[in-house]
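Since the structure comes first, as structure tokens, the remarks are kept for the end.
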Amino acid sequence: MTSDRTLTIVKPDAFARGLAGQIIGHLERAGFRIASARVLHLSDAEAGAFYAVHRERPFYGSLVAFMTSGPCMPLVLTRADAVATLRQVIGATDPKEAAPGTVRKLFAESKERNAIHASDSDDNAAREERFFFSETELLRAL
Ligand code: CMP
């Protein structure tokens with residue numbers, strides 16, 4: 001059975017360009033509801049830890065610099081089949097390859113400055129929720 005929850009992050013490029021509200025509206029129109037949300041400015045250590053799986057990739061340093069360049073907004077979202085549906089709604093990592101109407105096609109600048117992150121599995125969604133939100137906040141959000 002798939003989970004009805006996932007984690008997304010509206011990234012610093014979207015914040016800098018004043019697109020956060022439009023992106024969240026797009027997600028709500030796709031049937032997602034906001035269970036938890038916060039605005040924060042990641043430290044180097046936090047961004048590095050969140051993207052630790054990419055530590056050996058050539059873009060890791062640049063990705064951490066980008067993710068610490070300004071505020072971002074993690075949200076816990078709910079709807080049926082949340083992880084797979086959100087991945088479809090946001091589109092491919094590179095906006096040039098993203099399908100028409102997806103968040104990244106509409107709002108992203110490049111493969112790195114790609115407006116939004118979404119968890120890629122139920123296990124990672126649960127881990128990423130706990131990265132940003134306390135146990136108490138997640139209990140309240142149920
Ligand atoms: P995200 O879905 O948050 O997961 C990892 C992030 O790394 C990705 O979005 C992009 O922001 C970034 N990324 C992935 N591949 C590349 C790449 N080839 N060059 C630069 N950044 C990348």
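Just so you know, these numbers use all the heavy atoms, side chains as well, and skip hydrogens, waters and symmetry mates. By convention here, the first residue in the shown sequence is residue 1. Atoms within a ligand are numbered from 1 in the order they appear, just like the ligands themselves. None of the values given here were measured: they were computed from a predicted structure.
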Check ring pair (Phe, Tyr, Trp, His ring centres under 6.0 Å) between Phe50 and all other residues, then give those that pass, not counting sequence neighbours. His117, Phe131, Phe132

Scan the side chains in residues 73-89 for donor-acceptor partners under 3.5 Å anywhere in the protein, sequence neighbours excluded, and list what turns up.
from  : atom 1 : to     : atom 2 : distance (Å)
Arg79 : NH1    : Ala30  : O      : 3.0
Thr85 : OG1    : Asp81  : O      : 2.7
Arg87 : NH1    : Ala118 : O      : 2.9

Are there any N/O pairs under 3.5 Å between ligand 1 and the protein, and if so, what are their distances?
from     : atom 1 : to     : atom 2 : distance (Å)
ligand 1 : 2 (O)  : Arg104 : NH2    : 3.1
ligand 1 : 3 (O)  : Lys11  : NZ     : 2.8
ligand 1 : 3 (O)  : Tyr51  : OH     : 2.6
ligand 1 : 3 (O)  : His117 : ND1    : 2.9
ligand 1 : 9 (O)  : Lys11  : NZ     : 3.0
ligand 1 : 9 (O)  : Asn114 : ND2    : 3.2
ligand 1 : 11 (O) : Lys11  : NZ     : 3.0
ligand 1 : 11 (O) : Glu112 : O      : 2.9
ligand 1 : 11 (O) : Asn114 : OD1    : 3.3

Applying side-chain hydrogen bond (donor to acceptor under 3.5 Å, both in side chains) as the test, list every pair that has at least one member in residues 41-59; sequence neighbours left out. Ser43-Glu46

Between Ser119 and Glu128, does any side-chain donor sit less than 3.5 Å from a side-chain acceptor? yes

What one should report as the nearest heavy-atom pair of Ala115 and Ala14 is O-CB, 3.9 Å

In one Ile/Leu/Val/Met/Phe/Trp/Tyr side-chain cluster, 4.5 Å: Ile23, Ile90: yes

